[in-house]
Amino acid sequence: MTLEQAQKRVDSLRKLINQHNYQYYALDDPTISDAEYDKLLRELIDIENEFPELIVPDSPTQRVGISPVSELKEVIHIKPMLSLANAFNEDELLAFNKRIKDKLLVDSILFSGETKFDGLAVNILYEQGLLISAATRGDGYVGEDVTHNIKTIHQIPLRLGGDDIPDLLEVRGEVVITHKGFETLNENQRKLGGKVFANPRNAAAGSLRQLDSRITAQRPLSFFAYGIGDYKGNVVLNSHANILKRLQQWGLPVSSEARQLDGVEACIDYYNEIGERRSQLAHDIDGVVFKVDDISQQHNLGFVSRAPRWAIAYKYPPLEEMTQLLDIEIQVGRTGALTPVARLSPVSVGGVTITNATLHNIDEIIRKDVKIGDWVFVRRAGDVIPEVVSVIKEKRSNVSEFVMPEVCPVCGADVLRQPGEAVYRCMGGISCVAQNIQAIIHFASRKAMNIDGLGEKLIMQLTELGLISTVADLYSLTDKQLSELDRMGSKSASNLISALNKSKSTTLERFIYALGIRDVGEATARTLARHYKTIESIEKATTDELEMLNDIGPVVAANIHTFFKQEHNLDIIQRLLLAGIKWESKAAETSQVFAGLSFVLTGSLQKMTRDEATEKLIALGAKVTGSVSSKTNYVVFGEDPGSKYEKAMKLGIETLDEESFMEKINLSNTL
Ligand code: IVH
């Protein structure tokens, strides 16, 4: 290959790879397989190796990580990276508001509100649009050079896009790991026997300060830009809102929660509103930040020591607290897994009282060196179960060792650990009451049969009294039996009976999910229901056939197959169907008016839940996906729709408010 030919091929490969990166990372909608992508990238790497003179700093090869550096070099920020003053209650926020109003001699201030990301601050320097270097905050003046690692984050452009590219720009923002990313990362680390991180912040910091960027490239790092440092450019940036908008236009990710807030009252509402949604956000936040929006007002206010007078962080209570671990008990799950659970001295974490937390498995107990009687840090974040993070060794006295029981604490059957598995399992199967109780709890849960009012306590009570032993017994319960129970009036008894009756009209996918087949979650249940259409056909399916379906691998296929080979399970299914459980068969194929259409739901709907809307759409033949791409046909938006809505606008996809959505659905019913 001549240099000229190489240049040509390199140009077209880069264009192609960048296009696929955009499909994958920005649209979440890849159009080629991972293997095909790797092949293109490999070809580009090979040519660049042969012709190093062709390497450019924004080549996609620069994202895969380079050989390890020996140390992180010091970098001096052009403009220092300041810190923020904090407010811990409303009075402190009001005092801040009053101070600046008095100083500016105005009645009310226009603020910019955004979340305070709990990650690691970085400064990214762009010159003539090209990413030149990136550094951690360090002491605010001098940070560490992490350019090699920052380049592996696909959300961060190696070259700015859009118009009015500045001669020089320092982008300020935070590197974070989402809750989901954190869970997956730790799960992998556990499997590989690597370091398990205490929280997403530590994981982000550890990943960003790696000497080997090939490791960083494997970590699920995200980035949010929240401001700028030095700036030399033609466009006048006269408000914070304007800065965020520009950053976004240049291709930098900005939080969709940022909003202009008129006056301090709006700030308080914002704090409360975000506080309510805090656990549902994709990543950790430890507060919200209010910045005076007008840049000339910011200049007038200036700084005190190392923090601006024009901004404040209004903090939320921490999600990690200290408490004493009183005991370690074993919980037996639906599939027989024995999970050690810490019983804690009650402690309020982020406004919720916690009395127990998971310890995952015995390996984790050994790794964290947890003993009964220890003082520990517990953490609650997102929708995940609270967990014991670490032990405070300095406070240790009078502790005792935890020993994994050799027999199931519930049914007495043997406990075994399969090779390669971190968990011990009870071998009691259906004869283990604990497994049965968990199976019934799962059966009744919202996403399964959705039996209102049938919670864990009641299920335990019914089991202990011998009124039920499997899910099939639920539908034989009588009003009389129920109203005789402790703490159950005749009203609640008849409510439960109607809830049970109501649950009988369901969908095939809910029913499959409710059966609690190991590894068959909602998505797999949906796949099975849509493909096989009847329970009998799933029963007859071979493992080979099952494996042909999307998302079903050999392990799950074997689980499904084994489940339907058990006489006991078939008997339960039969009894449930005889009790009157039914779903509309897909004979109503004619009503599949949305077949082939792809929908995305965003924001909160008022007239139905998102789950209900999804179910309805799927019943009408539509596909409902989590992210907006060029293939999306409609984006249905409720209140506070956020980034998906913006993306739809950007891509020119038709959006429907709730009312038009309802109209569309109702219209389809009459077709
Ligand atoms: S602005 C001059 N905005 O908080 C203002 N900081 O205590 C400088 N942080 O080290 C910061 N989210 O890492 C700002 N939306 C946000 C932020 C944010 C998180 C962090 C940042 C900084 C620390 C300041």
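Atoms within each ligand, like the ligands themselves, are counted from 1 in listed order. Reckoned from all heavy atoms, side chains included, excluding hydrogens, waters and symmetry mates. Along the sequence shown, residues are numbered consecutively beginning with 1.
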Are the aromatic rings of His77 and Tyr141 close, with centres under 6.0 Å apart?
no

Scan side-chain atoms only and decide if Asn123 and Glu170 contain a donor-acceptor pair under the 3.5 Å cut-off.
yes

Just checking, any donor-acceptor pair under 3.5 angstrom between side chains of Tyr231 and Asp167?
no

Enumerate the atoms of ligand 1 whose separation from the nearest heavy atom of Glu114 is less than 4.0 angstrom.
3 (N), 15 (N), 16 (C)

Minimum non-hydrogen distance to atom 4 (O) of ligand 1, winning option of Lys116, Met81, Glu257
Lys116

Would you call Glu257-Arg277 a salt bridge at under 4.0 Å N-O?
yes

side-chain contact (heavy atoms from CB on, under 4.5 Å) with Glu265: of Leu261, Asp262, Ile268, only one passes, and it is Ile268

Please determine if Thr115 has a nitrogen or oxygen closer than 3.5 Å to a nitrogen or oxygen of ligand 1.
yes

Examine the proximity of ligand 1 to Leu84 and report which part, side chain or backbone, both or neither, has a heavy atom under 4.0 Å away.
both

Inspect the contact between Arg201 and Asp286 and indicate whether a charged nitrogen and a carboxylate oxygen are less than 4.0 angstrom apart.
no

I'd like to know whether ligand 1 has Asp118 as a neighbour, heavy-atom separation below 4.0 Å.
no

In terms of atom number and element, which parts of ligand 1 are under 4.0 angstrom from non-hydrogen atoms of Arg137?
10 (O)

Please determine whether any non-hydrogen atom of Lys291 lies less than 4.0 Å from an atom of ligand 1.
yes

Answer with side chain, backbone, both or neither: which part of Phe117 has a heavy atom less than 4.0 angstrom from an atom of ligand 1?
both

Return yes when Pro308 approaches ligand 1 closer than 4.0 angstrom through a heavy atom, no otherwise.
yes

Ligand 1 atoms nearer than 4.0 angstrom to some heavy atom of Glu174 are 9 (N), 13 (O), 19 (C), 20 (C), 21 (C)

Is the gap between the ring centers of Phe111 and His240 under 6.0 Å?
no

Which of the atoms in ligand 1, numbered in the order shown and given with their element, are less than 4.0 Å from a heavy-atom of Leu82?
8 (C)

Test item: Thr632 side-chain N/O and Tyr634 main-chain N/O as donor-acceptor pair under 3.5 Å
no

Can you tell me which residue and heavy atom of the protein come closest to atom 22 (C) of ligand 1, and the distance to 0.1 Å?
Tyr226 OH, 4.0 Å

